[in-house]
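Protein chains get the first letters and strands the later ones, always in sequence-line order, with residue 1 at the start of each.
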There are 2 protein chains.
Amino acid sequence: MPPPEPKPRMSRETLLPKLAAHVLEHGLGGASLRPLAKAAGTSDRMLIYHFGDKETLVRDLLEYISGVYATALDMALGDRRPATRQEAFARILALGRGPGIQPFLVLWWEIVAGSARGLPGYADAAEAMITKQLDWFEAQMPEGDPDPKGGARYLLTLLEGTLMLGTVGHARTAREGLLASGLAGDRAGD
Amino acid sequence: MPPPEPKPRMSRETLLPKLAAHVLEHGLGGASLRPLAKAAGTSDRMLIYHFGDKETLVRDLLEYISGVYATALDMALGDRRPATRQEAFARILALGRGPGIQPFLVLWWEIVAGSARGLPGYADAAEAMITKQLDWFEAQMPEGDPDPKGGARYLLTLLEGTLMLGTVGHARTAREGLLASGLAGDRAGD
DNA sequence: AAGTTCTTGTAGCACTTGCTACATTCAGTT
DNA sequence: AACTGAATGTAGCAAGTGCTACAAGAACTT
């Protein structure tokens, strides 16, 4: 029986994925060093050693997570563009319901809250994630759209509102609003 | 010099306003008993005595805050209805920028985040506050609107998206989206 | 082989957390 | 005046917080 792992030296890069997994599941606000370390297979001692202090850890972690989110969005880019704004909107709404994005969505509101409170690192991550989403929307605007730039921003605004209402138990309200906007069929906003 | 206050007996009702003030300023997630008690002029011992445990305290506090928010919205009801949806939207957008509502807005994202995580008491407060806002919107829909019910929901969805984008540093994105929607003049979404 | 630097483990410190045990004071009732 | 129950103060506990001191091993350089 050979020794399976000689010495799995750790670094920020090897730590960050495990830390991110823990945070996506258990939240960011209540995360303290010892549980984080346990989830990553280390000790609080080493987290401080590698990141300096907790604030830097959170900052790096948020940056890493927003990177993961960006690549997740990239992978979800369809090969053909939707034909209408309605279809573009429905597509990203469906994406947000996929199980892969759901944990991001739960964490997202924590990031927004931290951003609103001015917690260090949160605002940058929030800004980056929204920018990415906006890029995604622009790439999804139908060809020949009269105002793709403005349209993407409009759809993004409406999407964020829809997601938020869904989070606080007002999915039905959002659905009826989308219906009235003419942007959605009767299954949108669930 | 008479003794100014003989004995200011405390109860949940006298405590809650001071607790709410502290939470609106410093946030809800990081609030612990001793700072809360200090802000209310008591001891952690008495907070537990009056509320039983911290979870109940937070629950009662959120309920109280959503009540305060509701009366704040009531007071902001104009005497005349707006003539157009644009005007209705601009009116509530201006309201959200008023200094009185700003602390609620910052706390709001914390409530949404707690609701998404399933923290006890958060979902109820979030649901109540959105319902109140929806009522407000319905009362503000212009007379003769072809679909006031759906319109109010549409405006609410768009507003929440606009507020969120503004919180994370994308006010400009929201403004351009609103412009493209035809719902706003060029000062909206700031 | 010796020396130097990078990485890790063990203990622990000062502080905060929610909450409790115990005793005391106060208000109202009889 | 005596009793009763509600309201409050003091002290503390077990657990958890971020972080550090110290030392030891591991690895790389000369």
Side-chain angles (χ1 to χ4, degrees), chain A residues 2-20 22-23 25-64 110 113-114 117-122, chain B residues 2-20 22-23 25-64 110 113-114 117-122:
Chain A
E5 297 297 324
K7 267 295 160 81
R9 307 285 281 309
M10 287 167 178
S11 64
R12 293 174 213 232
E13 286 67 36
T14 65
L15 254 12
L16 281 174
K18 305 180 193 175
L19 295 174
H22 180 264
V23 156
E25 188 179 357
H26 297 95
L28 188 42
S32 48
L33 288 183
R34 270 167 264 247
L36 277 173
K38 192 169 188 179
T42 348
S43 62
D44 56 333
R45 166 72 179 75
M46 291 314 293
L47 289 186
I48 296 294
Y49 174 73
H50 282 298
F51 293 93
D53 56 15
K54 196 194 177 186
E55 182 179 320
T56 323
L57 189 159
V58 169
R59 205 190 302 269
D60 291 0
L61 191 47
L62 281 171
E63 191 180 331
Y64 174 78
E110 225 171 323
R117 282 266 171 230
L119 303 187
Y122 284 69
Chain B
E5 297 298 323
K7 267 297 159 83
R9 306 287 281 307
M10 285 165 177
S11 65
R12 292 174 213 233
E13 286 66 37
T14 66
L15 254 12
L16 281 174
K18 305 181 193 176
L19 295 175
H22 180 263
V23 156
E25 187 179 358
H26 298 96
L28 188 43
S32 47
L33 287 184
R34 269 167 264 248
L36 276 174
K38 191 169 186 177
T42 346
S43 62
D44 56 333
R45 166 73 180 75
M46 289 317 291
L47 290 185
I48 297 294
Y49 175 73
H50 282 298
F51 293 93
D53 55 15
K54 196 195 177 185
E55 182 179 321
T56 324
L57 189 158
V58 168
R59 206 191 301 270
D60 291 0
L61 191 46
L62 280 171
E63 192 180 330
Y64 174 78
E110 226 171 322
R117 282 266 171 231
L119 303 188
Y122 283 70

- request: Check every strand shown and say whether A:D44 touches a base, only sugar-phosphate, or nothing at a heavy-atom separation below 4.0 Å.
  value: base
Could you run down the sub-3.5 Å N/O contacts of the protein with nucleotides 5-9 of chain D?
residue: D:dA7; atom: OP2; partner: B:Y49; partner atom: OH; Å: 2.9
residue: D:dT8; atom: OP1; partner: B:M10; partner atom: N; Å: 3.3
residue: D:dT8; atom: OP2; partner: B:H50; partner atom: NE2; Å: 3.2
residue: D:dT8; atom: O4; partner: B:R45; partner atom: NH2; Å: 2.9
residue: D:dG9; atom: O6; partner: B:R45; partner atom: NE; Å: 3.1
residue: D:dG9; atom: O6; partner: B:R45; partner atom: NH2; Å: 3.2

- request: Figure out the CG/C1' separation between B:L33 and C:dT16, and round it to whole Å.
  value: 11 Å
- request: Provide the closest heavy-atom pair for B:R9 versus B:T14 in the form atom of the first, atom of the second, distance.
  value: O-OG1, 4.2 Å
- prompt: If every non-hydrogen atom of A:G114 is compared with every non-hydrogen atom of A:Y122, which pair is closest and at what distance?
  reply: CA-CD2, 3.5 Å
message: Just so I know, are the side chains of A:Y64 and A:L15 near enough to count as touching, which here means a heavy-atom distance under 4.5 Å?
response: no
- request: Grab the CG-P distance between B:L47 and C:dT20 for me, whole Å please.
  value: 14 Å
task: In whole angstrom, give the distance that lies between atom CG of A:L36 and atom P of D:dG16.
output: 15 Å
field: Length of the CD1-P vector between A:I48 and D:dA21, whole Å
entry: 13 Å
Side chains of residues 52-63 of chain B: which donor-acceptor partners sit under 3.5 Å, not counting sequence neighbours?
residue: B:D53; atom: OD1; partner: B:T56; partner atom: N; Å: 3.1
residue: B:D53; atom: OD1; partner: B:T56; partner atom: OG1; Å: 2.4
residue: B:K54; atom: NZ; partner: B:A31; partner atom: O; Å: 2.8
residue: B:E55; atom: OE2; partner: B:R59; partner atom: NH2; Å: 2.8
residue: B:D60; atom: OD2; partner: B:R12; partner atom: NH1; Å: 3.4

message: Distance criterion of 3.5 Å, no angle test: do you see the side chain of A:R34 paired donor-to-acceptor with the base of D:dG16?
response: no
Using atom types as modelled, flag every donor-acceptor pair under 3.5 Å from a side chain in residues 36-49 of chain A to any protein atom, sequence neighbours excluded.
residue: A:S43; atom: OG; partner: A:M46; partner atom: N; Å: 3.4
residue: A:D44; atom: OD2; partner: A:R34; partner atom: NH1; Å: 3.4

query: So, does B:E110 use its side chain to make a donor-acceptor pair with the main chain of A:A113 at under 3.5 Å?
result: no
